[in-house]
2 protein chains.
Amino acid sequence: MTRSRSRRANEAWEALLTAHASLMKRFAAEPIWGELSMREYDVLYTLSKHDEPLRLFELGRGVLLSQPALSRLVDRLADRGLIERTPDPEDGRGVRLDLTEAGRERQRRVGGRHAVDVARAVTAALTDEEIALLEAIGRKLAAQGAATPAQRNRQEAVL
Amino acid sequence: MTRSRSRRANEAWEALLTAHASLMKRFAAEPIWGELSMREYDVLYTLSKHDEPLRLFELGRGVLLSQPALSRLVDRLADRGLIERTPDPEDGRGVRLDLTEAGRERQRRVGGRHAVDVARAVTAALTDEEIALLEAIGRKLAAQGAATPAQRNRQEAVL
DNA sequence: TTAAGGTAGATGCAAACGCATGAAGATTGG
DNA sequence: CCAATCTTCATGCGTTTGCATCTACCTTAA
């Protein structure tokens with residue numbers, strides 16, 4: 001019945017969490033980051049993946065950080081000249097974020113070294129087939145996480 | 001050649017990161033946590049998995065947190081009566097950490113609700129086979145992360 | 001035995017975070 | 001058209017984090 005399937009789902013999730021924590025520690029310990037924290041790098045990397053500037057809230061979808069924290073993280077990166085912040089002409093509330101040339105260059109430098117470490121760790125642990133499966137499974141899970149934005153009006157509605 | 005394999009490894013890792021961030025946000029948004037942060041819950045959960053008390057540094061292996069931060073997080077949980085902290089009789093430097101009855105009870109309560117959410121998300125996204133694969137792959141990656149504790153004496157040794 | 005070096009955990013302090021809230025532009029319904 | 005509501009981002013403030021460092025204890029080797 002469902003019992004076993006739920007249990008297995010939880011065990012798989014725990015395995016994912018453990019893998020995440022374990023490898024993140026490993027990567028964080030590598031002497032490749034320079035002045036960047038991993039979170040800052042994550043933001044630079046996300047921006048580097050997109051050609052058009054991103055809105056702050058779009059950036060927020062990919063980053064595990066509260067909106068105010070992200071807002072200030074972007075502040076700092078802008079102060080350091082790695083990110084350009086311009087008001088969105090199509091939405092007076094919004095901000096358009098883009099890498100500066102220095103930011104793009106910095107991302108490439110650090111990203112190149114980091115990619116080596118990632119490849120080393122992942123290929124050492126998994127076969128080609130497992131790597132492909134991990135990517136497919138990760139995408140499915142990510143899609144699931146993004147869905148169903150909210151339906152929590154129960155408790156509040158009652159009071 | 002190695003090129004493609006490295007690239008695939010990086011894409012798989014990115015998929016894992018995205019899945020992690022996406023689902024963590026989802027779970028964090030659930031109204032099940034009460035007075036606990038997810039990090040605090042993580043510590044309670046880790047302790048609940050072990051019968052004997054854990055050392056602080058053992059706890060640290062599973063938690064993505066610096067040693068001082070973990071030390072103080074445990075402080076707070078002890079102040080709240082959820083964790084018991086006793087000096088290790090076999091190692092004068094060490095501390096033995098265990099859940100109090102209140103801590104165990106709190107973990108069970110929150111953990112039960114959380115497990116439901118995890119199962120819902122994971123089973124909605126994956127087949128039984130994928131769930132099994134995710135668990136196997138996660139364990140392999142975690143083992144890889146834990147291995148090779150350190151061999152960074154190159155740069156330092158040179159100077 | 002004891003000096004040198006290593007490991008476990010705690011603490012001072014500045015930086016970063018989350019929550020609550022605010023200001024301002026967008027959107028929607030009457 | 002405009003009031004009410006929602007969305008986007010910023011800011012005040014108390015809490016938590018990380019880095020550097022310290023103390024205390026363990027281990028090793030001479």
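Here is how names work: the chains are called A, B, and so on, in the same order as the sequence lines, proteins then strands, and each is numbered from 1. As a basis for the values below, the full set of heavy atoms in this structure was taken, side chains included, without hydrogen atoms, waters or symmetry mates.
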(Q) Whole angstroms only, please: what is the CG-P distance between B:L97 and C:dG9? (A) 8 Å
Q: Locate the shortest heavy-atom distance separating A:A121 from A:R26; write the atom from each residue and the value.
A: CB-NE, 4.4 Å
**Q.** Residue closer to the 5' end of DNA chain C, A:L73 versus A:P89 (nearest nucleotide)
**A.** A:L73
Q. Between B:F27 and B:H114, what is the ring plane arrangement, given parallel below 30°, perpendicular above 60°, and tilted in between?
A. perpendicular
Q. A:L56 side chain: which of D:dA10, C:dG9, D:dT17 is closest?
A. D:dA10
Q.
Let's see if you can work this out: which of D:dC13, D:dT17, C:dT11 has an atom nearest to the side-chain heavy atoms of A:R72?
A. D:dC13
Q. Between atom CD in B:E40 and atom C1' in D:dT15, what is the gap in whole Å?
A. 11 Å
Q: Provide the closest heavy-atom pair for B:A115 versus A:N10 in the form atom of the first, atom of the second, distance.
A: O-ND2, 3.1 Å
Q: Can you tell me the distance, in whole Å, between the CG atom of A:D88 and the C1' atom of C:dA24?
A: 14 Å
Q: Taking only the side-chain nitrogens and oxygens of B:R93, find out if one of them lies under 4.0 Å from OP1 or OP2 of C:dA10.
A: no
Q. Among the nucleotides C:dA8, D:dT16, D:dC9, which one has an atom lying closest to any side-chain atom of B:R76?
A. D:dT16
Q: Starting from C1' on C:dA8, measure out to CZ on B:R96 and report it in whole angstrom.
A: 15 Å
Q | Integer-rounded Å distance: D:dC9 P and A:E58 CD | A | 8 Å
Q) Expressed in angstrom and rounded to an integer, what is the separation of B:E35 atom CD from D:dT15 atom C1'? A) 15 Å
Q) Just one of B:R80, B:R106, B:R72 clears the salt bridge (Lys or Arg N to Asp or Glu O under 4.0 Å) bar with B:E40, so which one? A) B:R80
**Q.** For atom CG of A:L54 and atom P of D:dC9, their distance in whole Å
**A.** 11 Å
Q) Would one find a side-chain N or O of A:S71 under 4.0 angstrom from OP1 or OP2 of D:dA10? A) yes
Q: Just call it for B:R85: base, sugar-phosphate, or nothing, with non-hydrogen atoms closer than 4.0 Å on any strand.
A: sugar-phosphate
(Q) If I take atom CZ in residue B:F57 and atom P in nucleotide C:dA8, what distance separates them, rounded to the nearest angstrom? (A) 5 Å
Q | Under-3.5 Å donor-acceptor pair between B:Q67 side chain and C:dA8 base | A | no
Q. Base, sugar-phosphate, or nothing for A:D91, non-hydrogen atoms under 4.0 angstrom?
A. sugar-phosphate
**Q.** Per A:V95 side chain, nearest of listed nucleotides C:dC17, D:dC9, D:dC25
**A.** D:dC9
Q.
Mind checking if B:D75 touches a base, just sugar-phosphate, or nothing, with heavy atoms under 4.0 Å?
A. nothing
Q: Begin with the C-alpha distance, continue with both residues' side-chain angles, and end with the deciding distance and a verdict on side-chain contact (heavy atoms from CB on, under 4.5 Å) for A:L134 and B:W13.
A: CA-CA 8 Å; A:L134 174 57; B:W13 173 245; 5.9 Å; no
Q. Which nucleotide in the set D:dA10, C:dT11, C:dG18 lies at the smallest distance from any side-chain heavy atom of B:P68?
A. C:dT11
